[in-house]
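Comments concern the structure below.
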Amino acid sequence: MFKSLSIFAALAVVVVHRDQILNLRLALAQKDISGLQDTVYGVSTPGSSRYGQYLSKEELSTVEAYVAPTNDTVSQVNAWLASNNLTSSPMTSAGDWIAVNMTVSQANQLFAADFSTFQNVDTNQTVHRTLSYSISNTLRASIKAVHPTTTFPAARGLKQSSSVANTNAHATTTKAAPPSSSASTNKQRPIEALYGIPATPPTPAANVFAVAGFENDFANVRDVQAFLRTFRSDLDPNTTFALISVDDGINNQLPAGAGPLTVNMALAAGLTNGIPLAFISTGTVDNDIFSEFLDEANFLVSSPNPPQTIVQTGPFRESLVSPEIAESLCNSYAQIAARGISYIMDTGLWGAGGPFLDPNCTPFDAPFPATCPFVTAVGGTEWTSDDTAEAAWSLSGGGFSRIFSRPKYQDEVVPAYLNAIGATTSSPFNISGRGIPDLAAMTQATFIDQGVIFTDEAGTDNSATIFASMIALLTNERIAAGKPGLGFLNPLIYQNKGTFNDMQAAIGESTACQGVFYNGTAGWDPVTGFGSPSYTRLQEICNKL
Ligand SMILES: *[C@@H]1O[C@H](CO)[C@@H](O)[C@H](O)[C@H]1NC(C)=O
Ligand SMILES: *[C@@H]1O[C@H](CO)[C@@H](O)[C@H](O)[C@H]1NC(C)=O
Ligand SMILES: *[C@@H]1O[C@H](CO)[C@@H](O)[C@H](O)[C@H]1NC(C)=O
Ligand SMILES: *[C@@H]1O[C@H](CO)[C@@H](O)[C@H](O)[C@H]1NC(C)=O
Ligand SMILES: *[C@@H]1O[C@H](CO)[C@@H](O)[C@H](O)[C@H]1NC(C)=O
Ligand SMILES: *[C@@H]1O[C@H](CO)[C@@H](O)[C@H](O)[C@H]1NC(C)=O
Ligand SMILES: *[C@@H]1O[C@H](CO)[C@@H](O)[C@H](O)[C@H]1NC(C)=O
């Protein structure tokens, strides 16, 4: 039995149409996930004989062979569909996700469900969902999950410093004077100085760096160009980005409501000195962000020439997604890793346990999908109050997954942390789970919104974009030198943990929930991971690969 884990206080049941057609997706059992994971670690772990041998478009069938359902699974599911007069269409080229349309009454009968129409009382948005469902004993080994069923539209982690962060001494919003003399430049250029990021355009430009957006979020081209003219007048002021559209995603340039991803795209453009940029825009599907994540990830898996570096921001509470869907999505990120893509996510304005989204922190949640072990999770740092040094951001998201167990690459550092703080199985977080973040970077950045300059806006979306920009530049150097890109970064990061600027000295803890917080410690901790990156030190490591 699968039960809804969501909070639906804000939802009212309105009507139930038994003939309403549901567009359901079924996750079929994948053949050999450990084979896929072995391949990912083989091609991503420096020192392995397969390091850098990412699977090309021509070798996609190797990836698909791991995740495809077995013939027995396919025949059993097809026979069951046929006996119910239903048809399916594959949603991935491996066939591990299939789409099936059926009426509410059929779905209720086949999955012991009770689909209703729920309306959000604030937005009037309606969705068809059930509070529970089950898969019959005979099919349970073949069908892992049905979606969307028990997963409700979720509130996203806050991305930009808003009222919460503004109580922090540092997160101020100022309408700045012209850049040459203002403090705003002070905050843009030091990111390059702080991390040693080169300011000269890479030659030749050899890769693509993409910002991923969902639900038709967009990046405003005019503001990105204004940002470059203002802060990077040495770069092409007409820089733009390619649109990669998934689920009919658009790049809406409406003047009202500046694109929420403008700051990410402007930082990406300003820090990567002319590397071609792309914006992956995924449209709205069934009012369900997790379907959109799945569609984007599966699109990238089978894309002939996917961008080599991708940044995605805006996490959700992990408890809002069913473990089956979370695992399936994470398997898609593992396939992305096998293709040699560096997928980088932020951990949000979150603190310990996620008090800004649920003051009770029940459960004590970590930000998802950053908890997937096959993506790189970036937390936050900030300037000290005298603007002279970098310190941990107390709002930085971090914690431990309740769905994903600790990956091997964390087997030394995470237990060391747990021992240091005296964590036990009765701690409110899951001591056997994947710990995040992996590292951290500056949250404070300057941006331009509808022509107005804002400084010191803090968010881990900035952190993730800054780190991803560094990876895009390093990847460019490697590809231009005829070497493979950097792919899935975590094995490399954990082999070179001493490379990062450890933030423990400057901090105490992350924002508490119910009195529980994470201490910053020497080495890895769930506030800033290993600390912040240095371009030159990462470059030395990459040169030796
Ligand atoms: C599974 O089915 C495919 C296509 O029908 C066939 O080529 C393949 O040999 C089958 N594999 C097994 C293990 O039966
Ligand atoms: C499937 O369709 C056939 C022919 O229209 C009908 O006789 C049968 O009852 C249907 N079966 C189900 C399970 O709906
Ligand atoms: C399900 O319905 C949608 C329209 O809502 C349609 O586009 C799609 O092709 C249908 N899929 C199947 C498998 O019948
Ligand atoms: C929701 O619907 C009610 C009743 O039709 C209406 O008064 C209200 O303005 C709507 N709210 C929104 C956010 O559209
Ligand atoms: C940027 O575009 C404008 C308008 O098309 C053009 O006048 C200008 O020369 C371009 N600048 C550069 C550096 O290409
Ligand atoms: C801890 O994580 C593991 C996965 O590693 C999971 O199986 C287990 O249920 C989680 N425990 C709690 C208490 O959440
Ligand atoms: C964690 O931090 C708190 C408050 O700073 C301190 O009292 C406690 O001793 C620390 N625990 C460890 C194990 O460092």
Side-chain angles (χ1 to χ4, degrees), residues 8-15 17-28 69 74 77-107 110-111 115 117-129 143 145-149 152-153 155 199-201 203 205 215 220-242 245-249 253 256-257 265-266 269-270 272-277 282-288 291-292 294-295 298-299 448 451:
F8 29 88
L11 294 168
V13 181
V14 279
V15 273
H17 293 297
R18 294 181 57 78
D19 295 334
Q20 170 73 42
I21 301 283
L22 299 172
N23 305 129
L24 296 179
R25 41 180 85 198
L26 274 48
L28 304 190
V74 172
V77 171
N78 283 343
W80 169 75
L81 289 171
S83 71
N84 288 290
N85 292 344
L86 294 170
T87 55
S88 70
S89 60
M91 301 194 79
T92 56
S93 44
D96 53 331
W97 276 99
I98 58 172
V100 181
N101 294 339
M102 62 181 78
T103 61
V104 162
S105 53
Q106 277 173 309
L110 295 175
F111 301 118
F115 275 91
T117 304
F118 292 86
Q119 182 170 41
N120 183 309
V121 294
D122 294 327
T123 63
N124 291 349
Q125 180 194 56
T126 60
V127 292
H128 309 296
R129 296 290 189 272
I143 300 177
V146 184
H147 190 74
T149 47
F152 281 76
T200 48
T203 43
E215 316 212 298
N220 189 301
V221 178
R222 196 189 49 234
D223 282 337
V224 169
Q225 294 180 346
F227 179 90
L228 292 176
R229 278 197 305 276
T230 310
F231 298 110
R232 285 302 304 266
S233 53
D234 55 320
L235 298 179
D236 179 0
N238 296 336
T239 296
T240 174
F241 44 87
S245 170
V246 182
D247 289 335
D248 303 322
Q253 294 293 317
M265 189 57 87
T272 56
N273 311 325
I275 286 180
L277 299 169
T282 303
T284 303
V285 185
D286 278 330
N287 288 317
D288 175 55
S291 295
E292 294 154 18
L294 283 164
D295 287 351
N298 290 328
F299 172 88
I448 294 184

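Quick note: numbers below take in every heavy atom, side chains included, and nothing from hydrogens, waters or symmetry partners. Please read these numbers as outputs of a predicted model, since none were measured by experiment. Counting starts at 1 for both ligands and their atoms, following the listed order.
Judged by distance alone, the side chain of N273 and the main-chain N or O of T200 form a donor-acceptor pair under 3.5 Å. With hydrogens and angles ignored, the 3.5 Å screen pairs a side-chain donor or acceptor of R232 with a backbone N or O of A199. Side chain of N287 to main chain of T126: a donor-acceptor pair is present (N/O by atom type, distance under 3.5 Å, no hydrogens or angles).
Counting protein heavy atoms under 4.0 angstrom from atom 7 (O) of ligand 5 gives zero. For atom 2 (O) of ligand 3, the nearest protein heavy atom lies closer than 4.0 Å.
Listed by atom number, the atoms of ligand 3 under 4.0 Å from A99 heavy atoms are 13 (C). Of all atoms in ligand 3, listed by their number and element, those nearer than 4.0 Å to a heavy atom of N23 are 1 (C), 2 (O), 3 (C), 5 (O).
If you run side-chain contact (heavy atoms from CB on, under 4.5 Å) between W97 and each of D295, T92, L28, only T92 comes through. Tested against L86 for a side-chain contact (heavy atoms from CB on, under 4.5 Å), the candidates N78, L110, L24, N101 yield a single pass: L110.
For R25 and D286, the salt-bridge test fails: no basic side-chain N is under 4.0 Å from an acidic carboxylate O.
In this structure, D288 and S291 approach most closely via the heavy-atom pair OD2-OG, 2.5 Å.
The option from L81, L86, N101 that lies nearest to atom 11 (N) of ligand 3, judged by heavy atoms, is N101.
For a threshold of 3.5 Å applied to N or O pairs, the pair formed by T87 and ligand 3 contains no separation below that value.
Counting protein heavy atoms only, atom 5 (O) of ligand 5 is closest to N238 ND2, 4.7 Å. Among protein heavy atoms, the minimum distance from atom 13 (C) of ligand 4 is reached at D122 O, 3.4 Å. The closest protein non-hydrogen atom to atom 14 (O) of ligand 4 is N124 ND2, 3.3 Å.
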